[in-house]
Asks: 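This is the structure I have questions about; it appears just below.
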Amino acid sequence: MILKKMNVKKVVSFNPPKRRRLKLLIVLFGFVLAISVPKFYSTEIVEEHASLEKFTADLDKHIPVLMNRYDIPGVQIALVKRGQTVWLKAYGFADLKTGRKMTIDTYCRVESISKSVTAWGVMKLAEQGRIDLDEPVVTYLKNWWFPESEFSEKRITIRQLLSHNAGLPLGTIGVRYAPDSEVPSLKESLSKDAVLRQKAGQSFSYSNTG
């Protein structure tokens, strides 16, 4: 669900897959809720000018039900309006074994939720005419360049990056960093992982690097 002035702009269905209950599972699906609406909303008429209070009250009503349905131990949700966080809340548990409650300060891994947020931002730029989805991405690169490979990076388009069709590898996954540890910069990570493994546009290949 895309929010504009805290109003619902588009209603769509949200039906996430069944999840197994893990002892230390922390699921952060607040951003998903910010762009998708559960099935509860697909059959309801949502008021165009619903207030923040009414909307969050609705979340309070439905989120626990969804958590129970999909076996999700804990959730954090943030609503952002014009770049400012206007509402934060946590539900459930951060640690089922110890009974530790989820809080808005609990560290959670964003994981691939970042892909949806990034894609939304890219499409806003395209909507505003600031970028062309079918233009080679190197047109817009100013301070970084693809590492050498046997394939040409000059043919990679933004659309291909968004659709996992750019020929880039999956990339490094499963690496975890403590909150106070040193984390590689974006440039360092890309220079290591963004080595073309096949011709751009050749076929679908899921890529965190892309």
Side-chain angles (χ1 to χ4, degrees), residues 1-17 28-38 41-42 46 48 55 77-86 108-175 177 183-210:
M1 178 171 54
I2 305 301
L3 299 180
K4 184 175 182 182
K5 295 184 180 179
M6 300 316 303
N7 302 327
V8 176
K9 184 177 180 181
K10 182 178 181 181
V11 176
V12 294
S13 294
F14 172 53
N15 189 15
L28 207 184
F29 77 154
F31 284 115
V32 176
L33 288 171
I35 58 175
S36 304
V37 181
Y41 293 93
S42 61
V46 185
E48 183 179 358
F55 182 69
I77 296 180
L79 294 182
V80 180
K81 178 182 179 182
R82 296 176 183 170
Q84 299 297 319
T85 302
V86 295
C108 295
R109 289 174 61 82
V110 176
E111 300 286 355
S112 290
I113 291 175
S114 59
K115 291 185 176 68
S116 299
V117 177
T118 300
W120 179 83
V122 170
M123 294 306 293
K124 286 296 292 184
L125 292 175
E127 182 180 62
Q128 295 166 2
R130 298 172 64 182
I131 62 173
D132 184 337
L133 296 180
D134 296 308
E135 185 76 12
V137 69
V138 295
T139 303
Y140 304 102
L141 296 179
K142 304 301 181 183
N143 57 4
W144 179 84
W145 195 258
F146 285 90
E148 291 186 10
S149 74
E150 60 179 297
F151 304 100
S152 175
E153 70 281 350
K154 295 180 181 181
R155 300 176 62 87
I156 300 175
T157 67
I158 298 174
R159 188 185 301 276
Q160 290 170 341
L161 289 170
L162 289 173
S163 60
H164 300 273
N165 195 37
L168 291 170
L170 175 62
T172 301
I173 60 174
V175 179
Y177 300 94
V183 180
S185 67
L186 177 60
K187 287 184 181 180
E188 291 172 333
S189 297
L190 288 175
S191 294
K192 174 178 176 291
D193 290 337
V195 180
L196 283 167
R197 60 189 296 272
Q198 64 183 29
K199 181 180 177 180
Q202 179 175 320
S203 64
F204 173 87
S205 181
Y206 190 85
S207 173
N208 286 315
T209 303

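All values derive from a computational prediction rather than experimental measurement.
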Asks: Can you name the residues that form a side chain to side chain donor-acceptor pair (under 3.5 Å) with Arg155, not counting sequence neighbours?
Replies: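 Partners of Arg155 by the side chain to side chain donor-acceptor pair (under 3.5 Å) criterion come out as none, since no residue qualifies.
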Asks: Restricting to non-hydrogen atoms, name the atom on Gln160 and the atom on Ala200 that form the minimum distance, rounded to 0.1 Å.
Replies: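 It is OE1-CB, 3.7 Å.
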Asks: For the residue pair Met123 and Leu162, what are the closest heavy atoms and their distance?
Replies: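 Of all heavy-atom pairs spanning Met123 and Leu162, the closest is SD-CD1, 4.0 Å.
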Asks: Might you point out which heavy atoms bring Phe204 and Ser163 nearest each other, and give the distance in Å?
Replies: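 Distance-wise, the nearest heavy atoms are CD1-O, 3.5 Å.
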Asks: Check the side chains of Ser203 and Gln198 for a donor-acceptor pair under 3.5 angstrom, ignoring hydrogens and angles.
Replies: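 Yes - a donor-acceptor pair under 3.5 Å links their side chains.
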Asks: Who pairs with Tyr140 by ring pair (Phe, Tyr, Trp, His ring centres under 6.0 Å), at least two apart in sequence or on another chain?
Replies: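 For Tyr140, no residue satisfies ring pair (Phe, Tyr, Trp, His ring centres under 6.0 Å) once neighbours in sequence are set aside.
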Asks: In terms of heavy-atom contacts, does CD of Gln84 have more than 12 from other residues, nucleotides or ligands at under 6.0 Å?
Replies: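 Atom CD in Gln84 is not packed in, count stays at 12 or less.
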Asks: Apply ring pair (Phe, Tyr, Trp, His ring centres under 6.0 Å) to Trp144 and list each qualifying residue two or more places apart in sequence or on a separate chain.
Replies: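 Here the qualifying residues are Phe146.
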Asks: Can you confirm whether Ile156 sits close enough to Val138 that some side-chain heavy atom of one is under 4.5 Å from a side-chain heavy atom of the other?
Replies: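 No, every pair of side-chain atoms sits at 4.5 Å or beyond.
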Asks: Just to verify, what does Tyr177 make a ring pair (Phe, Tyr, Trp, His ring centres under 6.0 Å) with, not counting sequence neighbours?
Replies: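 So Tyr177 forms no ring pair (Phe, Tyr, Trp, His ring centres under 6.0 Å) with any residue.
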Asks: Would you say that more than 12 heavy atoms from the other residues, nucleotides or ligands in this model lie under 6.0 Å from the NZ of Lys199, or not?
Replies: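 Not more than 12 within 6.0 Å, no.
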Asks: Between Thr85 and Val80 (side chain of the first, backbone of the second, donor and acceptor by atom type, cut-off under 3.5 Å), is there such a pair?
Replies: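 No; zero donor-acceptor contacts below 3.5 Å.
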Asks: Could you give the distance from OG1 (Thr139) to NZ (Lys154), rounded to the nearest 0.5 Å?
Replies: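 These two atoms lie 11.0 Å from each other.
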Asks: State which residues pass side-chain contact (heavy atoms from CB on, under 4.5 Å) with Leu186; sequence neighbours excluded, sorted by chain then number.
Replies: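 Leu190.
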Asks: Can you pull the salt bridge (charged side-chain N to carboxylate O under 4.0 Å, His left out) pairs that have at least one residue in residues 164-174, sequence neighbours excluded?
Replies: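 Passing the test, one end in residues 164-174: no pairs.
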Asks: Given side chains that start at C-beta, do those of Leu161 and Leu168 come closer than 4.5 Å, heavy atoms only?
Replies: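 With C-beta onward as the side chain, the pair touches.
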Asks: Going by the rule side chain to side chain donor-acceptor pair (under 3.5 Å), which residues pair with Lys192 if we only count those two or more places apart in sequence or in a different chain?
Replies: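 In terms of side chain to side chain donor-acceptor pair (under 3.5 Å), with neighbours along the sequence ignored, Lys192 is linked to Thr172.
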Asks: Mind jotting down which residue pairs meet the salt bridge (charged side-chain N to carboxylate O under 4.0 Å, His left out) criterion with at least one end in residues 156-170? Sequence neighbours excluded, please.
Replies: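 Matches after skipping sequence neighbours: Asp134-Arg159.
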Asks: What residues form a side-chain contact (heavy atoms from CB on, under 4.5 Å) with Ser185, not counting sequence neighbours?
Replies: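 Ser185: side-chain contact (heavy atoms from CB on, under 4.5 Å) contacts with Lys187, Glu188.
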Asks: When rounded to the nearest 0.5 angstrom, what is the spacing between CD1 in Ile131 and CD1 in Ile158?
Replies: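 The CD1 atom of Ile158 is 4.0 Å from CD1 of Ile131, to the nearest 0.5 Å.
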Asks: Do the non-hydrogen side-chain atoms of Val183 and Ser189 ever get within less than 4.5 Å of each other?
Replies: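 Result no, sub-4.5 Å side-chain heavy-atom pair not found.
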Asks: What I'd like to find out is whether the side chain of Val137 reaches to under 4.5 Å of the side chain of Thr157, using heavy atoms alone.
Replies: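 A side-chain contact under 4.5 Å is absent here.
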Asks: I need the minimum non-hydrogen distance between Pro169 and Ser207, along with the two atoms involved.
Replies: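 Smallest interatomic distance, heavy atoms only, reads O-OG, 2.6 Å.
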Asks: Roughly how far apart are Leu170 CG and His164 NE2, rounded to 0.5 Å?
Replies: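 Atom-to-atom, Leu170:CG and His164:NE2 are 10.0 Å apart.
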Asks: Please name all residues satisfying side chain to side chain donor-acceptor pair (under 3.5 Å) with Glu111, sequence neighbours left out, ordered by chain then number.
Replies: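 Partners of Glu111 by the side chain to side chain donor-acceptor pair (under 3.5 Å) criterion, ordered by chain and then number, come out as Arg109.
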Asks: Return the set of residues passing ring pair (Phe, Tyr, Trp, His ring centres under 6.0 Å) with Phe151 (not counting sequence neighbours), or none when no residue passes.
Replies: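 By the ring pair (Phe, Tyr, Trp, His ring centres under 6.0 Å) rule, Phe151 matches no residue at all.
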Asks: May I have all residue pairs that pass salt bridge (charged side-chain N to carboxylate O under 4.0 Å, His left out) and include part of residues 161-175, sequence neighbours excluded?
Replies: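 Residue pairs passing salt bridge (charged side-chain N to carboxylate O under 4.0 Å, His left out), neighbours aside: none found.
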